[in-house]
Every structure is written in C-alpha cells, then in structure tokens.
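In this text, all values refer to a predicted model and were calculated from it rather than measured experimentally. In what follows, every chain begins at residue 1, and chains take the letters A, B, ... in the order their sequences are listed.
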Amino acid sequence: MKNIVELFLGILTAMGGFVEVGELVFSVDAGAKFGFRLLWVVALGTLGITVFCEMAGRVAAVKGQPVFNLIRERAGLNAGLVTLVAANLVNLLTCTAEIGGIALVWQLLSGWPYRWLALGALGFLLLVVWVLSFQWIERVFGLLGLLMCTYLAAAYYLRPNWGEVAAGFVPGVPHLESSSEYLLFAYFAVAILSSVMLPYETYFYASGAMEDGWNPGDVNLNRVIAIVGSVLGSVLAVALVVCGAQVFRPHQIEPQLPGEAALAASLTLGRWGLLAAVGGMFFAFAGAAIETSLSGAYNLAQFLGWPWGKYRPARTAARFSLTWIITFVLAALIIMTGVDPVSVVEYSIVFSVVILPFTYFPVLVIAGDRRVMGEEHANGWFANAVGWFYLGIVTLAALLAVPLLIVTRGGKG
Amino acid sequence: MRAHEFQYMEVLTESGRFLGHVFDLRSRGEPEYGEPHDARTVHEIVYGRLGLFERLGITQAEPQTIPWKAVKAIRDGKLIVDDSVGERNRG
Amino acid sequence: MKDEFLDLVRQVLDHEVVDSNNLPCGMVDDLEVSGGPGGELRVTALLVGAGAWTRRLPSGFEGLAAFIFGRQQTRVPWSEVETVTERVKLRSRAEELGLGGADRKAAKILEKVPGSG
Amino acid sequence: MHKRARSWGNWLAPAIILLILGAGVASFAGPGQSQGDKHSLKNDVSELKSRAGTGRLVAEQALAGNLTRNFVEAQAEQMRKGVAQTRDKLTPEQFGPELSAQVLQAADLARRLEGALNSLRGAGADRQAAESARKNLAGLFEELSRLEEDLKE
C-alpha cells in the first residue's frame with residue numbers, strides 16, 4: 001500500500017513538476033505558429049527525457065552516484081569542470097527565467113510592480129526551500145502544479161480537430177511559404193525538444209532519487225515514474241500546443257507571455273479557469289525555480305565532494321545550502337536589473353540544449369557499462385540503441401540551436 | 001610527483017619509437033577492502049593509443065601494459081621504456 | 001566482480017571521499033606518488049582540496065579557479081584508506097583528518113538562521 | 001575489457017569551451033548590431049500586430065466577465081512594455097532610407113498601440129472603456145496586418 005501511494009505521488013509530482021516557463025511559452029507559441037505540426041517533436045522529446053531520466057535514476061539507485069559525480073569520474077577534471085560551469089550557468093539562466101515568470105504571474109493576480117514582485121518571489125523561494133523538507137517541496141509544488149491540468153480541460157473544450165491533432169504526431173515538416181519559414185520551423189523544433197528535455201530535470205531527478213534514499217530495489221519504481229511521469233507531463237505540453245493552435249493561430253497572434261496563455265483557459269472555463277491556470281503556472285514556475293537552484297547546488301557539491309542534500313540539516317551541508325541561496329539571489333538580481341523576461345526564457349531554452357549532450361553522454365556510457373552497473377542493471381540492447389539514437393538527436397539539436405537562434409533572429413522568422 | 005602528471009604522458013622506447021599515451025597506473029592486489037596499506041606500489045603502466053574514435057569515446061582504446069621495471073627514465077614529460085618492451089608489445 | 005588489481009587513475013582519482021561516518025569530505029583531487037624509474041613507484045597519499053585540483057587545470061585557468069575556490073589542500077596518507085569502491089572510504093572522521101573545514105566555516109554563517117539545524 | 005571513457009576528456013574540454021564561447025558571442029553580437037532590413041521591419045510589425053490582437057482578446061474576455069480587474073491591468077501593462085521596446089527600435093536611422101515611410105508608419109502605429117493598451121488597463125472595471133479599447137485595438141490590428149502584408153516580399 002505504501003508503495004502504491006509512493007508510486008502515485010511520484011508520478012503526480014513528476015507530472016506537475018514537468019512544465020516550466022520556457023516550455024509553456026514555446027509550446028503555446030509553437031501551436032500559434034505551426035498548429036499541430038510540432039507535436040511529434042514533443043513526443044520525440046518525451047521519449048528522450050524518459051530514457052535520460054530512467055538511466056540517471058537507475059545509476060543513482062544502483063551505484064548511489066548522481067550525475068555530476070559521474071561526470072567528474074568519467075570525463076575527468078578538465079572537461080568535467082567545463083561541463084559543470086556551463087550547466088550551472090544554464091541553471092542560473094533557467095532559474096532567472098522562472099523567477100521572472102513568477103513575477104509576471106503574480107502581477108496578473110495582484111497588479112503590483114514587477115520588480116517588487118521579483119523581490120517577493122526571492123523571499124518566498126528562500127523561505128520555502130529553507131523551511132520545507134525535500135519531500136514536502138516535491139509534494140507541494142508537484143501536486144499544486146497539477147492546476148496546470150486546467151490547460152488540459154481548456155484544450156478539450158476548445159474542440160480541436162482530433163484527427164489533425166493525431167496527424168501532428170507523425171514526424172514531418174509542413175509545406176511552408178519561404179525558406180525563412182522552414183528555418184523558423186526548425187528553430188521551434190529544436191526549442192520544443194529542448195524545453196521537453198531540459199537538462200536540469202535529469203540532475204534533479206537523479207539527485208532526488210538519492211534524497212529519497214533509493215537503492216537497487218527501486219529500479220522498477222524508477223522506471224515506472226520516469227516513463228509515466230514524463231508521458232503525463234508531456235500531455236500537458238501537448239495541451240498547451242493545442243491551446244496555442246486553437247486560440248491564437250486563427251487570429252495570427254504569436255503569444256509570448258504567460259498571461260496570454262491563460263486566456264486560453266478564461267476563454268473556455270471562465271474566470272475560475274483563468275485563476276486556476278494562473279495558479280498552476282505559479283506553482284509550476286516556482287517548482288522549476290526550486291529545482292534549478294537546487295540542481296545548481298547538487299551539481300557543484302557532487303563535483304567537489306561536498307556534503308549535499310536537503311535531507312541533511314543546512315548546517316551539515318553548509319556550502320550546499322549557501323550555493324542554492326546564492327543561486328536564488330543572483331537570479332532575482334538579474335530580473336531586477338529590468339532585463340526582458342521573455343528573452344531570458346528564450347536564451348535559457350536555447351542554451352539548455354547546447355549543453356545537453358555533454359551531460360547526457362556520461363550517463364549513457366555508465367548506464368551501459370556492465371562492469372560498473374552489473375549484468376542485471378546495465379542497459380540492455382534496446383536501452384542502448386535508444387540511448388545512442390538520442391545522443392545523436394540531442395547532439396544535432398545542440399549544434400543547430402545557436403545558428404538557428406541567429407538566423408531566425410530569436411525566433412522571429 | 002603527482003598522479004595527474006602521468007596522465008596522457010607520451011610513452012617512447014629508448015630508441016625513440018612512439019608507443020602511445022599513459023592511461024593509468026596499475027597496482028597489483030585487489031582494491032582496499034578493510035585492510036589498510038601504507039601505500040600502493042605501482043607495478044604496471046597502462047598505456048594505449050588515442051585515435052579519433054577513442055577520443056570521442058565511441059570505441060575504447062585497447063590498453064597495453066608495461067611493467068614499471070621496464071621504465072628507464074622520465075625525460076621532458078615523456079616516459080622512456082626499455083626497447084625490448086616495444087618489440088614485445090608490437091601488434 | 002572483484003579485480004585483482006587497482007587502477008589508480010580509473011578507480012581512485014576524481015572519486016568521492018567519505019569519512020568513517022560516510023560524510024562526503026571532498027574528492028580525490030590528486031594522488032601523491034613517490035619514487036621513480038629505477039626504483040619502486042608508490043602512491044603514498046590522497047590529496048584533497050582546491051589546491052590539488054586547480055594545479056591540474058590548463059595554466060590560464062589555474063589562477064582563476066584558485067581565486068574562486070582557494071588553494072587549500074589536505075594530504076590524507078594512503079594508510080587511512082579503508083575501502084575503495086565507487087567512493088574512497090577513510091578510517092577516521094573528517095575533522096580528525098583536517099577535511100571539511102570550509103563546510104564548518106560556512107556553517108558558522110548559517111547557524112545564525114533559525115532552522116539550520 | 002577496460003573502459004577508457006576518460007579519454008574523451010582532453011577532446012571535450014576545448015569543444016565545450018568553443019561551443020559556449022561561440023554561442024555566447026554570436027547570440028549577443030549577431031542579431032543586435034545588424035542594420036534592420038525589410039524583413040526585420042516586417043517582424044517588428046507582426047509583433048506589434050500580435051500584441052494588438054491579444055489586446056483585443058483581453059478586451060473581449062473582460063467584456064465577457066471572464067477576467068479579473070488585476071489581470072486586465074497587469075496583462076495590458078506587460079504588453080505595453082513589450083510594445084515600447086519594439087517602438088524604441090523603430091527609428092528611420094535603424095533602417096535604410098528606402099524604408100523610412102514604412103518605419104514612420106510602424107512607429108506611429110506602435111505609439112497608438114501603446115495608448116490603446118494604456119486605456120485597456122482600466123477595462124477590467126469599466127465596460128465602456130473595455131468596449132472602446134476593443135474597437136481601438138481591432139482597428140490597430142487591421143492596420144498593422146495591412147502594413148505587414150505590404151512588407152512581405
């Protein structure tokens with residue numbers, strides 16, 4: 001019984017914690033620009049993040065080693081350090097985007113000035129992470145993030161042509177007017193892939209497995225949570241694409257802000273739908289902000305051998321605690337300089353995919369290493385084949401991301 | 001010296017033939033499990049060639065070993081080994 | 001699974017170090033090697049701390065990393081090593097070996113905040 | 001067989017550094033400094049058009065009673081900020097002289113859009129304000145759509 005509860009909670013929190021500000025913005029915008037034609041990329045990314053999280057979680061459960069411990073061990077000091085610095089800069093950027101998102105969302109509820117709300121968000125996040133245990137953070141933000149399911153209902157009531165939705169899952173490129181449109185399509189494909197496969201999710205997932213004290217007996221639990229959690233999380237992404245396609249595409253509007261996405265909910269579900277959507281976005285962004293800042297601290301601590309973990313009192317994991325505190329503070333400061341939150345979101349998504357192969361690769365190598373994982377827990381031929389396939393996919397996406405950002409002028413076409 | 005200085009050190013025979021790069025320092029006897037040792041003696045040098053695929057990590061370099069006794073000198077950051085080793089480990 | 005040998009770079013260098021209470025207390029940032037050609041080559045100690053790993057960086061980055069992380073380094077004699085698995089476990093507690101000092105310093109700051117313990 | 005995964009270490013470090021440096025430099029230097037052309041003017045105009053369209057949607061939803069007062073005010077303000085950013089870019093110096101007429105037209109529309117979004121802020125509480133903002137924004141949407149069509153090659 002306890003196991004079933006744990007499984008259920010794990011799946012729900014994985015689902016609720018799946019969407020963050022970049023995924024929201026890009027999914028709705030992708031729907032507005034290309035209808036359902038990018039849904040297959042959501043599916044591709046979902047299988048990718050499932051494979052990646054499953055491997056990282058399995059290695060964490062079997063060997064008790066989280067991602068950056070492996071990176072240091074396998075890539076050596078120099079390459080590992082570069083990966084660490086890059087990964088943590090991207091974490092900081094993502095955390096910044098989330099705090100910006102929280103401030104925007106709070107503004108929608110309160111009407112107060114944006115910068116003060118960013119400061120308030122900082123205070124809120126510091127307090128919550130300081131006070132709550134890891135399990136409660138997961139539950140509160142994962143479960144309340146399920147308010148995002150409002151978009152699921154909205155997508156349903158928007159009455160899309162389900163046949164066309166299904167056709168969107170068939171990989172392909174639509175017929176477009178000009179070459180710049182094709183480049184834009186490619187840019188959105190890369191961005192959607194990145195937003196589904198954000199690397200911090202994996203660091204956090206593997207470290208979280210250790211926070212929860214998983215052991216080799218939890219390999220099956222890991223598999224189920226990784227698969228079902230990511231798939232359900234992606235259903236939300238699909239719903240967002242559908243909302244974009246149904247609400248904004250007919251009007252030739254390209255939405256950019258969280259509040260615009262919320263209109264999809266108000267349109268179908270009225271005022272309460274609006275409030276639920278805004279609330280869901282708040283918990284989803286706050287959850288992601290917490291995950292990114294903790295990931296930054298996990299990564300650094302695991303690379304340098306510091307005691308880490310929310311399960312330890314802050315005093316016994318002091319440098320770890322200081323690291324996440326500093327990450328929050330830096331992120332909030334960046335927002336308070338007045339940078340455009342929409343651009344921060346965009347850069348966070350693009351740079352995430354650039355570093356993805358470098359954190360993916362060591363996990364893939366270790367998970368496939370019979371000598372390290374043992375016959376029983378190493379990748380089978382299927383996991384290996386899928387794993388290497390995705391290494392190719394994410395490498396391609398990483399190589400294309402920045403050139404596409406430039407030629408499409410930041411997704412403007 | 002420090003272990004990191006050996007990493008990727010070039011391995012040459014006395015007559016100047018290039019054999020590969022140092023990968024590892026191997027000590028005989030199983031890894032510590034409860035019984036303390038004052039130190040670990042390095043018995044063998046593990047070395048091999050680093051081709052493009054090995055550098056990418058796609059294939060694993062075929063490692064070879066040389067007994068430490070065959071190491072004659074460390075000169076200009078290069079490991080100089082007995083000529084006979086190069087002959088024996090060829091091919 | 002058991003090896004009949006120990007590869008010091010692959011199995012020890014850059015692995016996590018934990019003390020007798022399993023508290024992480026750094027990484028094997030380098031190994032002290034004594035002896036040389038013509039004699040025995042022996043690994044005599046683990047070197048733990050930024051002072052040890054910053055020296056392994058390309059020359060341009062050494063100074064920068066040392067500026068951020070400091071140059072502190074602790075020598076842990078090999079005789080302290082209890083087991084070598086994915087991590088290197090030591091026979092004593094971190095404080096006794098002079099490890100984890102920076103964490104204790106950082107803890108001084110956090111102790112003032114309620115809820116830190 | 002021994003795994004030597006470490007060996008990719010010395011190749012990987014420079015690769016990542018290059019990739020990230022290249023990415024950083026390119027993304028900040030690249031789009032920022034290029035002189036605007038017809039295509040980028042079209043992009044700016046379609047961005048303005050999107051904001052006008054969303055504004056109209058907000059006004060409609062406000063009239064339907066689906067939005068809260070704070071939501072309308074904050075959403076209008078957030079969109080106005082974005083429009084102001086775009087408007088700052090719309091000066092004839094930023095574009096070639098052959099586009100100056102269209103640039104001035106776009107800048108004018110942007111200014112009017114800012115004004116319309118400003119009056120949208122009060123639309124959460126005031127039906128009349130909402131109705132006039134809706135008309136205003138719908139008109140701007142049409143004008144911006146026409147300008148966008150003109151700019152398409």
Student: Would you check if A:L81 and C:W53 make a side-chain contact, meaning some heavy-atom pair closer than 4.5 Å?
Tutor: yes
Student: Does anything in residues 63-89 of chain A pair up under ring-ring contact (aromatic ring centres under 6.0 Å, His included), and if so which pairs, sequence neighbours excluded?
Tutor: A:F68-A:Y203
Student: Using a heavy-atom distance cut-off of less than 4.5 Å, which residues of residues 92-105 of chain C contact chain A?
Tutor: C:A102, C:D103
Student: Listed by chain and number, what are the ring-ring contact (aromatic ring centres under 6.0 Å, His included) partners of A:Y200, not counting sequence neighbours?
Tutor: none
Student: Is C:F69 in contact with chain A via its backbone, its side chain, both, or neither, using a 4.5 Å heavy-atom distance?
Tutor: side chain
Student: So which heavy atom on C:D14 is nearest to which on A:G76, and how close?
Tutor: OD2-CA, 4.0 Å
Student: Below 4.5 Å, heavy atoms only, C-beta onward: do A:E73 and C:E16 meet side chain to side chain?
Tutor: no
Student: How far does CD of A:Q65 sit from CD of C:E86, to the nearest 0.5 angstrom?
Tutor: 5.0 Å
Student: If every non-hydrogen atom of C:A107 is compared with every non-hydrogen atom of A:R315, which pair is closest and at what distance?
Tutor: CB-O, 3.4 Å
Student: Determine the option with the most heavy-atom pairs under 4.5 angstrom with chain A, choosing from C:T85, C:V17, C:I109, C:V113.
Tutor: C:V113
Student: If you count every heavy atom of other residues, nucleotides or ligands that lies below 6.0 Å from A:F124 atom CZ, does the total exceed 12?
Tutor: yes
Student: So which of A:S321, A:A301, A:A318 has the biggest tally of heavy-atom pairs under 4.5 Å with chain C?
Tutor: A:A318
Student: If the contact rule is any heavy atom under 4.5 Å from chain A, which residues of residues 19-28 of chain C qualify, in numerical order?
Tutor: C:L23, C:P24, C:C25, C:G26, C:M27, C:V28
Student: Is A:A317 close to chain C through its backbone or its side chain, or both, or neither, when contacts mean heavy atoms under 4.5 Å?
Tutor: backbone
Student: As an exercise, state the distance from CZ of A:R72 to CG of C:L13, rounded to the nearest 0.5 Å.
Tutor: 7.5 Å
Student: Can you name the closest pair of heavy atoms from A:A314 and C:L110 and give their distance?
Tutor: O-CD1, 3.8 Å
